[in-house]
Chemist: 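Input: one structure, supplied below.
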Amino acid sequence: MTASSRARDVRALPPVRRVLTAGVVVAATLGLAACAQDSGATTDVVGQGYVSGDGSVRTWDAGERGDVVALTGTDYEGEQVDTSAWLGDVVVLNTWYAACAPCRAEAPDLVALANDRADDGVQVLGINTTDEAGAAQAFQRRFEVPYPSIDDRSGEVVAALSGTVPLQAVPSTVVLDREGRVAARVIGLAEGSTLDALVDDVLAEDEAAG
């Protein structure tokens with residue numbers, strides 16, 4: 001059926017049925033939009049590749065990594081955070097906001113990573129460009145988050161990652177090596193097994209070098 005024939009069919013309906021039909025179309029459109037937002041899907045482009053926010057992973061070999069990433073900001077408790085203080089550790093950066101369904105889904109795995117791998121020299125840092133302190137702290141309490149999150153409603157901190165992740169892709173996770181360079185990224189929800197494997201690979205680099 002062509003678009004024009006569908007339009008004629010709708011016009012041919014009684015007034016009440018026309019209203020109901022239009023309402024169904026609008027509702028379906030809004031439903032699809034909401035699903036796309038919750039899934040973290042994005043049409044942003046990083047480098048030459050299309051990023052779908054589907055949990056896709058990219059890694060960089062040690063010789064391919066760019067400059068040191070140094071992020072500074074204030075967390076939701078009012079404390080200053082500076083990732084340059086963590087040079088020598090593996091740093092996991094995660095963008096999130098409280099109403100983001102994939103962010104809630106991956107939170108337990110990030111919490112486990114922070115708790116279980118601290119003795120291995122792994123630091124975790126959240127970056128939140130959306131939430132007021134109340135919403136962010138409620139999320140942190142709910143999931144018993146042990147690591148800080150920078151209040152980045154200005155967007156300045158996440159902008160420093162614009163060559164690595166799409167600015168609108170939330171959640172996104174970036175793994176920095178011991179020198180502070182980007183070693184891996186995940187666009188979309190990061191599975192716990194994926195996070196563990198990426199961190200293990202970067203930790204193993206230091207052992208291999210030794």
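This one's a predicted model, so the numbers in the text were calculated from it and none came from an experiment.
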Chemist: How about CG on Asp119, more than 12 heavy atoms from neighbouring residues, nucleotides or ligands closer than 6.0 Å, or not?
Modeler: no

Chemist: Of all heavy-atom pairs between Pro146 and Asn115, which one has the smallest distance, and what is that distance?
Modeler: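 Looking at all heavy atoms of both residues, the shortest contact is CG-OD1, 3.4 Å.
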
Chemist: Is a side-chain N or O of Arg58 found less than 3.5 angstrom from the main chain of Ala184, in a donor-acceptor match?
Modeler: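 Pair absent, no side-chain N/O of Arg58 close to backbone of Ala184.
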
Chemist: Within a strict 4.5 Å, meaning less than it, do heavy atoms of the Asp177 and Arg65 side chains meet?
Modeler: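 Sidechains of Arg65 and Asp177: in contact.
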
Chemist: Quick one: pull up OH in Tyr76 and CG in Asp151 and give me the separation to the nearest 0.5 Å.
Modeler: 4.0 Å

Chemist: Between atom CG of Asp152 and atom CG of Asp131, what is the distance when rounded to the nearest 0.5 Å?
Modeler: 12.0 Å

Chemist: Evaluate the side-chain contact (heavy atoms from CB on, under 4.5 Å) criterion for residues Asp109 and Thr194: first the C-alpha distance (whole Å), next the side-chain angles of each, then the deciding distance (0.1 Å), finally the verdict.
Modeler: CA-CA 10 Å; Asp109 289 325; Thr194 300; over 6 Å; no

Chemist: Determine whether Glu77 and Gln140 satisfy the following criterion, side-chain contact (heavy atoms from CB on, under 4.5 Å), listing intermediate values before the conclusion.
Modeler: CA-CA 11 Å; Glu77 284 66 48; Gln140 292 171 327; 3.6 Å; yes

Chemist: Determine whether a donor-acceptor pair (N or O, by modelled atom type, separation under 3.5 Å) exists between the side chain of Arg104 and the backbone of Tyr97.
Modeler: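 Absent.
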
Chemist: If you round to the nearest 0.5 Å, how far is CD1 of Ile187 from OG of Ser56?
Modeler: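 If we round to the nearest 0.5 Å, Ser56:OG and Ile187:CD1 are 6.0 Å apart.
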
Chemist: Assess whether side-chain contact (heavy atoms from CB on, under 4.5 Å) is satisfied between Val90 and Gln123, documenting all intermediate values.
Modeler: CA-CA 6 Å; Val90 173; Gln123 305 281 351; over 6 Å; no

Chemist: So do the side chains of Trp60 and Thr164 get within less than 4.5 Å of each other, counting heavy atoms only?
Modeler: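 Yes. Closest side-chain heavy atoms under 4.5 Å.
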
Chemist: Do Asp75 side-chain atoms and Ile150 backbone N/O form a donor-acceptor pair below 3.5 Å?
Modeler: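 Flag not set: sc Asp75 to bb Ile150 has no pair under 3.5 Å.
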
Chemist: I'd like to check Ile127 versus Ser149 (side-chain heavy atoms, cut-off strictly below 4.5 Å). Are they in contact?
Modeler: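 No, side chains not in contact.
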
Chemist: Could you give the distance from CD (Glu205) to CZ (Arg178), rounded to the nearest 0.5 Å?
Modeler: 9.5 Å

Chemist: Are side-chain heavy atoms of Val122 and Val92 found at a separation under 4.5 Å?
Modeler: yes

Chemist: Please name the pair of heavy atoms, one in Cys100 and one in Pro171, separated by the smallest distance, quoted to 0.1 Å.
Modeler: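 For Cys100 and Pro171, the tightest heavy-atom pair comes out as SG-CD, 3.8 Å.
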
Chemist: Pair Val69, Thr83 - check side-chain contact (heavy atoms from CB on, under 4.5 Å), show working.
Modeler: CA-CA 8 Å; Val69 174; Thr83 60; 5.6 Å; no

Chemist: Can you tell me how far CG of Asp67 sits from CD of Glu179, rounded to the nearest 0.5 angstrom?
Modeler: 11.5 Å

Chemist: Closer than 3.5 angstrom, by distance alone: can the side chain of Asp89 be matched with the main-chain N or O of Val91 as a donor-acceptor pair?
Modeler: no

Chemist: Indicate whether any N or O donor in one side chain lies under 3.5 Å from an N or O acceptor in the other, for Asn94 and Thr173.
Modeler: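 Yes, Thr173 and Asn94 have a side-chain donor paired with an acceptor closer than 3.5 Å.
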
Chemist: Are the side chains of Leu71 and Leu93 in touch, meaning some heavy atoms are under 4.5 Å apart?
Modeler: yes

Chemist: Taking the side chain as everything from C-beta on, heavy atoms only, tell me whether Phe143 gets closer than 4.5 Å to Leu110.
Modeler: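 Answer no - side chains too far apart.
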
Chemist: State whether the number of non-hydrogen atoms from other residues, nucleotides or ligands found under 6.0 Å of Glu64 atom CD is greater than 12.
Modeler: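 Yes - once you tally the heavy atoms of other residues, nucleotides and ligands closer than 6.0 Å, there are more than 12.
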
Chemist: Please name the pair of heavy atoms, one in Ser172 and one in Val165, separated by the smallest distance, quoted to 0.1 Å.
Modeler: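 Nearest pair, atom of Ser172 first, then Val165: CB-CG1, 4.0 Å.
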
Chemist: Are Thr74 and Gln80 linked by a side-chain donor-acceptor pair shorter than 3.5 Å?
Modeler: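 The answer is yes; a qualifying pair exists.
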
Chemist: CZ of Arg185 to CG of Leu176: how many Å apart, nearest 0.5 Å?
Modeler: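 The CG atom of Leu176 is 13.5 Å from CZ of Arg185, to the nearest 0.5 Å.
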
Chemist: Between Arg153 and Glu132, does the salt bridge (Lys or Arg N to Asp or Glu O under 4.0 Å) criterion hold? Intermediate values first, please.
Modeler: CA-CA 8 Å; Arg153 280 171 289 167; Glu132 300 281 348; 2.6 Å; yes

Chemist: Backbone N or O of Thr130 within a donor-acceptor pair of the Asn128 side chain at under 3.5 Å?
Modeler: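 Indeed, once roles are kept as given, a pair shorter than 3.5 Å links the two residues.
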
Chemist: May I ask you to test the Trp96-Glu106 pair for a side-chain heavy-atom distance under 4.5 Å?
Modeler: no

Chemist: Salt bridge or not between Arg117 and Asp200? Use side-chain N to carboxylate O under 4.0 Å.
Modeler: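 Here Arg117 pairs with Asp200 in a salt bridge, since their nearest N and O are under 4.0 Å apart.
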
Chemist: Using side-chain heavy atoms (C-beta onward) and a distance below 4.5 Å, is Val81 in contact with Tyr147?
Modeler: no

Chemist: Heavy atoms only: give me the nearest Phe139-Ala98 pair and the separation to one decimal.
Modeler: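 So the minimum-distance heavy-atom pair works out to CD1-CA, 3.8 Å.
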
